[in-house]
Amino acid sequence: MNIGQASKASGVSQRMIRHYEKLGLIPPPPRRDSGYRDYSEADVHRLRFIANARDLGFPIAEIETLLALWSDRNRSSSEVKQLAEARAAELGQKARALEAMRATLLDLARRCHGDARPDCPILEQLGS
């Protein structure tokens, strides 16, 4: 299938397919006589795997590791579990940081009169 068909089947944009190919996350597909890339069902399956991993917040380096583990039928699941737990912990830290920022913004907005007066605790906080 061509890149457009692979994109539609995998849910990954053509631009990202080319990017993943350039990064080596998917092997370069063979080319047809016309010069167009010819993707297989296995390529589409790999693209879906990459997209799912990205949706879960895995960075490219860890996706490379996950792909290698996915391809290794003799793997131990402990390494996969360790990667997932580490990613979950990092996402938890980010969530706490975002919640702290949200709480600060809500507090500042609550203290701001939001009227015609020029004094504004939001701007004061940003300027300090």
Side-chain angles (χ1 to χ4, degrees):
M1 71 185 80
N2 66 31
I3 195 167
Q5 294 164 323
S7 173
K8 187 174 182 179
S10 67
V12 176
S13 72
Q14 293 180 35
R15 185 178 132 276
M16 289 308 294
I17 291 174
R18 288 185 196 96
H19 179 67
Y20 294 152
E21 188 179 322
K22 189 181 291 186
L23 293 175
L25 291 178
I26 60 167
R31 299 233 178 209
R32 298 179 184 171
D33 291 338
S34 61
Y36 289 108
R37 294 171 173 91
D38 192 15
Y39 293 92
S40 66
E41 284 298 324
D43 293 324
V44 169
H45 195 65
R46 191 172 180 95
L47 286 166
R48 282 190 199 119
F49 182 99
I50 294 166
N52 290 335
R54 292 292 290 170
D55 287 347
L56 290 173
F58 285 102
I60 295 297
E62 288 181 14
I63 292 174
E64 288 176 317
T65 302
L66 288 167
L67 284 166
L69 290 166
W70 186 47
S71 300
D72 180 4
R73 301 308 298 159
N74 295 317
R75 70 179 172 267
S76 150
S77 64
S78 63
E79 190 173 353
V80 180
K81 181 178 180 174
Q82 182 181 7
L83 284 170
E85 288 175 338
R87 178 65 31 224
E90 185 175 317
L91 290 172
Q93 290 172 346
K94 287 180 180 182
R96 287 186 292 280
L98 286 171
E99 186 54 41
M101 287 188 286
R102 179 181 176 275
T104 299
L105 285 170
L106 288 173
D107 179 59
L108 290 169
R110 190 172 42 256
R111 291 190 289 133
C112 181
H113 296 288
D115 55 19
R117 292 183 285 180
D119 57 313
C120 178
I122 299 168
L123 294 177
E124 289 171 17
Q125 176 71 31
L126 294 173
S128 63

Asker: Assess whether a salt bridge exists between Arg18 and Glu21, defined as any Lys/Arg side-chain N lying under 4.0 Å from an Asp/Glu carboxylate O.
Answerer: no
Asker: Output the distance between atom CG (Leu108) and atom CG (Leu126), rounded to the nearest 0.5 Å.
Answerer: 7.5 Å
Asker: Test of understanding: with salt bridge (Lys or Arg N to Asp or Glu O under 4.0 Å), list the residues that count as partners of Glu90, not counting sequence neighbours.
Answerer: Arg87, Lys94
Asker: Got a second to check how far Gln14's CD is from Ile17's CD1, nearest 0.5 Å?
Answerer: 6.5 Å
Asker: Using every non-hydrogen atom in the two residues, find where Ala53 and Ile63 come nearest and quote the distance to one decimal.
Answerer: CB-CG1, 3.7 Å
Asker: Does the Asn52 side chain pair with the main chain of Phe49, one donor and one acceptor, at a distance under 3.5 Å?
Answerer: no
Asker: Of all residues at least two apart in sequence or in a different chain, which pass the salt bridge (Lys or Arg N to Asp or Glu O under 4.0 Å) check with Glu41?
Answerer: none
Asker: For the residue pair Gln82 and Ser76, establish whether any side-chain heavy-atom pair is separated by less than 4.5 Å.
Answerer: no
Asker: Answer yes or no: are there more than 12 heavy-atom neighbours, outside Arg15 itself, under 6.0 Å from its atom CZ?
Answerer: no
Asker: Has Glu124 got more than 12 heavy atoms of other residues, nucleotides or ligands less than 6.0 Å from its CD?
Answerer: yes
Asker: How close do Arg37 and Pro29 get, counting heavy atoms only, and between which atoms?
Answerer: CB-CG, 3.6 Å
Asker: Please give me the minimum heavy-atom distance between Arg75 and Asp72, naming the atom from each residue.
Answerer: NH1-O, 3.0 Å
Asker: Taking side chain as C-beta onward, heavy atoms only, is Asp119 less than 4.5 Å from His113?
Answerer: yes
Asker: Let me confirm one number: the SG-CZ distance from Cys120 to Arg111, rounded to the nearest 0.5 Å.
Answerer: 10.0 Å
Asker: For residues Trp70 and Leu23: do they belong to one hydrophobic cluster (side chain heavy atoms under 4.5 Å, members Ile, Leu, Val, Met, Phe, Trp, Tyr)?
Answerer: yes
Asker: For a quick test of reading the model, state the closest non-hydrogen atom pair linking Leu47 to Tyr20 and the distance between them.
Answerer: CD2-CD1, 4.0 Å
Asker: Is the closest basic N to carboxylate O distance between Arg110 and Asp107 below 4.0 Å?
Answerer: yes
Asker: Where the side chain of Glu62 meets the backbone of Pro59, is there a donor-acceptor pair that is under 3.5 Å apart?
Answerer: no
Asker: Please check this pair: side chain of Ser71 against backbone of Leu67, looking for a donor-acceptor N/O pair closer than 3.5 Å.
Answerer: yes
Asker: State which residues pass salt bridge (Lys or Arg N to Asp or Glu O under 4.0 Å) with Asp38; sequence neighbours excluded, sorted by chain then number.
Answerer: Arg32
Asker: Treat each ILVMFWY residue as a node, draw an edge where side-chain heavy atoms are under 4.5 Å apart, and state whether Ile60 and Leu69 are in one component.
Answerer: yes
Asker: How far apart are the C-alpha atoms of Glu99 and Arg96, what are their side-chain angles, what is the distance that settles it, and do they pass the salt bridge (charged side-chain N to carboxylate O under 4.0 Å, His left out) test?
Answerer: CA-CA 5 Å; Glu99 186 54 41; Arg96 287 186 292 280; over 6 Å; no
Asker: Determine, using the 4.5 Å side-chain heavy-atom cutoff (strictly less than), whether Tyr36 and Val44 are members of one ILVMFWY cluster.
Answerer: no
Asker: Minimum heavy-atom separation for Val12 and Ser7, please, with both atom names.
Answerer: O-OG, 2.6 Å
Asker: Hey, mind stepping through Glu79 and Thr65 against side-chain contact (heavy atoms from CB on, under 4.5 Å) and telling me if it holds?
Answerer: CA-CA 10 Å; Glu79 190 173 353; Thr65 302; 4.0 Å; yes
Asker: State, with a plain yes or no, whether a side-chain heavy atom of Arg46 is found less than 4.5 Å away from one of Pro27.
Answerer: yes
Asker: Looking only at non-hydrogen atoms, find the nearest pair between Tyr39 and Ile26 and report the distance.
Answerer: CE2-CD1, 4.1 Å
